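Structure record follows, encoded as structure tokens.
In this text, all values refer to a predicted model and were calculated from it rather than measured experimentally.
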Amino acid sequence: MYTVPETSAAPTSSPARLLESLSSLATRLFESEQEFSRAALDAIADQVGVRTPFLSSTQAGLFEIVDVVNRQGCNLQSGATLPLPDSY
């Protein structure tokens with residue numbers, strides 16, 4: 001079971017800053033998929049104000065956390081898997 005801290009994160013940017021951040025992601029060259037996913041998850045954390053953005057995959061009846069950025073939020077771990085019915 002995952003725990004959720006009681007305090008919430010707040011978005012840190014204006015719409016103009018959000019567009020600047022998205023533009024930066026769109027024009028940047030990344031060395032790997034993991035480098036891109038970390039940059040995208042960091043941008044989501046900064047712009048949306050979440051503390052634990054994650055990328056997941058659902059295949060063959062399993063839910064897998066592919067990548068996660070944890071800023072004192074939920075205790076998710078990259079590589080964790082759950083049977084699909086237990087994941088929602």
Please tabulate, for the side chains in residues 78-87, all donor-acceptor contacts under 3.5 angstrom to protein atoms that are two or more places apart in sequence or on a different chain.
{"residue": "S78", "atom": "OG", "partner": "V68", "partner atom": "N", "Å": "3.4"}
{"residue": "S87", "atom": "OG", "partner": "L84", "partner atom": "O", "Å": "2.7"}

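- If you chain together ILVMFWY residues whose side-chain heavy atoms come under 4.5 Å of each other, L62 ends up in a group of its own.
- Here CG of L41 is found 10.5 Å from OG1 of T52. Values are rounded to the nearest 0.5 Å.
- Take S37 and apply the side-chain hydrogen bond (donor to acceptor under 3.5 Å, both in side chains) test, not counting sequence neighbours, and it matches D67.
- Cluster partners of L55 are V66, counting Ile, Leu, Val, Met, Phe, Trp and Tyr whose side-chain heavy atoms approach within less than 4.5 Å, directly or via other members.
- In this structure, Q47 and S21 approach most closely via the heavy-atom pair NE2-CB, 3.7 Å.
- Cluster partners of F36, by chain and number: L25, F30. The rule joins Ile, Leu, Val, Met, Phe, Trp and Tyr whenever side-chain heavy atoms lie under 4.5 Å apart.
- Here F54 pairs with nothing under the ring pair (Phe, Tyr, Trp, His ring centres under 6.0 Å) rule; sequence neighbours left out.
- Remark: S57 pairs with Q59 by the side-chain hydrogen bond (donor to acceptor under 3.5 Å, both in side chains) rule, at least two apart or across chains.
- Taking each heavy atom of R38 and V69 in turn, the nearest pair found is CD-CG2, 3.9 Å.
- Under the side-chain hydrogen bond (donor to acceptor under 3.5 Å, both in side chains) criterion, E20 pairs with R17, sequence neighbours left out.
- Judged as a side-chain hydrogen bond (donor to acceptor under 3.5 Å, both in side chains), and not counting sequence neighbours, the contacts of D42 are R71.
- In this structure, L76 CG and R51 CZ are separated by 12.0 Å, a value rounded to the nearest 0.5 Å.
- Listed by chain and number, the residues in a salt bridge (Lys or Arg N to Asp or Glu O under 4.0 Å) with E35 are R28 (sequence neighbours excluded).
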